[in-house]
Number of protein chains: 2
Amino acid sequence: MQLPCEDCPIRYRAVCATCETPELTELEGSKYYRRYEAGQTVVLSGERMDFVASVVSGIASLTQTLEDGRTQMVGLLLPSDFLWRPGRDSSPYDVTAVSDLLLCCFRRRPFEGLLRSSPRIAARLLDMTLDDLDAARDWLLLLGRKSAREKIASFLTILARRDAMLRQAQTPGLVVLDLPLTREAMADYLGLTLETVSRQISALRREGVIALDGKRRVIVPDFNRLVAESGDDSDGGLPS
Amino acid sequence: MQLPCEDCPIRYRAVCATCETPELTELEGSKYYRRYEAGQTVVLSGERMDFVASVVSGIASLTQTLEDGRTQMVGLLLPSDFLWRPGRDSSPYDVTAVSDLLLCCFRRRPFEGLLRSSPRIAARLLDMTLDDLDAARDWLLLLGRKSAREKIASFLTILARRDAMLRQAQTPGLVVLDLPLTREAMADYLGLTLETVSRQISALRREGVIALDGKRRVIVPDFNRLVAESGDDSDGGLPS
DNA sequence: CGAAGCTTTGATTTATTTCAAGTACAGTGG
DNA sequence: CCACTGTACTTGAAATAAATCAAAGCTTCG
């Protein structure tokens, strides 16, 4: 049930990445897992949240909703991402398990103490937060200025790069991607309607930029072609 | 020329907010000021950046630009905001002085050392970064799901609240705001064109939600009315 | 006064949304 | 094994919000 930290798939990516043995032992002693099925709510906006957690496997979303029901995803948590803000006790967003989800959790108070006593963990959390902020700023550009087509292409490149990063691989020319999100969740991520998402995916398929195997598996024959469709500066990514 | 830290207008809001006398003395010894005129570039994207800084007065923007010239603002730095990411030596964004700007600067290397030796400063920086991340996430909602009209109303409420925050006041019913941005810069912030910004401001004026005194001074007779136009949950702000 | 920069307003076009069917597919139970 | 249901997805036609193209108004500054 309880995976030893040494064998954890996110050991060198998560908030505990830079921990040495003594800290790791302390974490290991107090950690516990939570599992959620796809679609389940982890916490609702405004609800008390008395644990912090790393995503071990699966995907979770953070969403905000306007009074009239319009919703925007504001965070997509992939394995190794960290869930929660120290020093705050209720969630400002809805957190939902997008796929089956495994969280490695710690009670909030003890973790906050550890954060004070261990500069290494604090530094790692700062670093991860700064990465999140950079990602959010790229996302602002996407939402504010990109066309629907560019949004879809950008989203696919983001997924492909995140995936390559986790597997410590380079993004090759040919990429096979399993979309973790429904068309509706993609629409919430991209600030579009699900119909527009569907249409743009169809258009990219018609033009040979991508191919589909079923509804959820995307084959990208030429990753650079996809990047070119994303509207980003060509030099943003890895060579070849 | 050199303002003593005790008299600094952002003493209790900036990254140094929680510093005690010894740390403050160390900071005070190595700080230096930089001034920029409205419109001047602070750093360009990709350029080496060997200092970190707090905004003392004035406003700076962070912007990203696509190859074809479309630009999106991704950060608006007001007094007390902190400029730069420790551990990275080139800026990922263009930083521009929107108004006349005064920065309180520290050389990057020594500051990074201080960050390692002073948990108080590190904790403060984490806290500020988390605030930035929350603000960025609200911004995602604005860009992804709000109408042009709601975007303008939201922007005005954000400015009013930030202003009240700095002055430690409550946002009263009647608010007078000086817009720090041109219509074009507002458009870059909101993911609109400058014409749409102008039209929506005119529409809000026609309907009495706001009044204008010149092009840049906005009078809000009823702050709650403005908030209602912003599309946000009504309970987000301060009472009355 | 004239030029430049910022802003407003109008007319038109267009990308995306909205409304509306319809298809594909997996799971369930007869 | 096959109809049946529900969910996810696709596609079409019409409506619409915002962009684009174009012109003119207001300030400020030399």
Side-chain angles (χ1 to χ4, degrees), chain A residues 37-40 61 66 68-72 96 98-100 142-155 178-207 210-218 229 231, chain B residues 37-40 61 66 68-72 96 98-100 142-155 178-207 210-218 229 231:
Chain A
E37 283 168 39
Q40 268 192 302
S61 68
L66 297 172
D68 62 0
R70 283 172 287 174
T71 80
Q72 174 66 49
T96 310
V98 168
S99 63
D100 288 349
L142 177 147
L143 289 177
R145 294 303 186 194
K146 288 187 180 177
S147 68
R149 182 189 177 91
E150 290 169 330
K151 286 177 175 180
I152 299 288
S154 299
F155 178 66
D178 282 299
L179 296 181
L181 303 183
T182 63
R183 300 291 184 260
E184 186 177 24
M186 287 178 65
D188 286 343
Y189 184 104
L190 298 170
L192 298 170
T193 59
L194 68 92
E195 293 96 327
T196 299
V197 169
S198 179
R199 273 185 249 275
Q200 296 298 332
I201 289 179
S202 298
L204 289 172
R205 184 177 45 65
R206 263 199 309 280
E207 296 166 36
I210 60 174
L212 293 182
D213 173 15
K215 304 295 186 188
R216 293 292 192 89
R217 170 161 295 177
V218 176
E229 295 287 352
Chain B
E37 285 168 36
Q40 268 193 304
S61 67
L66 296 173
D68 63 359
R70 283 172 288 174
T71 79
Q72 174 66 49
T96 310
V98 168
S99 63
D100 289 348
L142 178 147
L143 289 177
R145 294 303 187 194
K146 288 186 180 177
S147 69
R149 182 189 178 92
E150 290 169 331
K151 285 177 175 180
I152 299 288
S154 300
F155 178 66
D178 282 300
L179 295 181
L181 304 183
T182 64
R183 300 290 184 260
E184 187 178 23
M186 286 178 64
D188 286 344
Y189 184 103
L190 298 170
L192 298 170
T193 59
L194 67 94
E195 294 96 328
T196 300
V197 169
S198 180
R199 272 186 248 275
Q200 295 299 333
I201 289 178
S202 298
L204 289 172
R205 184 177 46 63
R206 264 197 310 279
E207 295 168 36
I210 61 174
L212 292 183
D213 173 15
K215 304 295 186 190
R216 293 293 191 90
R217 171 160 294 178
V218 176
E229 294 287 352

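On a predicted model such as this, the values are computed, not experimentally measured, just so you know.
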>> Nearest whole Å is fine: how far is C/dT8 C1' from B/Ile152 CD1?
In response: 14 Å
>> Strictly under 4.0 angstrom, non-hydrogen atoms only: write out the protein contact profile of nucleotides 9-25 of chain D, one letter per nucleotide from the 5' end, B, S or -.
In response: SBBBB----SSBB----
> Yes or no on side-chain contact (heavy atoms from CB on, under 4.5 Å) for A/Arg199 and A/Arg149, after CA distance, side-chain angles and deciding distance?
Replying inline: CA-CA 9 Å; A/Arg199 273 185 249 275; A/Arg149 182 189 177 91; over 6 Å; no
> Taking it one step at a time, do A/Arg70 and B/Glu150 satisfy side-chain contact (heavy atoms from CB on, under 4.5 Å)?
Replying inline: CA-CA 13 Å; A/Arg70 283 172 287 174; B/Glu150 290 169 331; 2.8 Å; yes
> When you look at CD of A/Glu184, are more than 12 heavy atoms from neighbouring residues, nucleotides or ligands closer to it than 6.0 Å?
Replying inline: no
> Does a side-chain N-to-carboxylate-O contact under 4.0 Å join B/Arg217 and B/Asp178?
Replying inline: yes
> So, are A/Lys146 and A/Glu229 salt-bridged, with charged N and O less than 4.0 Å apart?
Replying inline: no
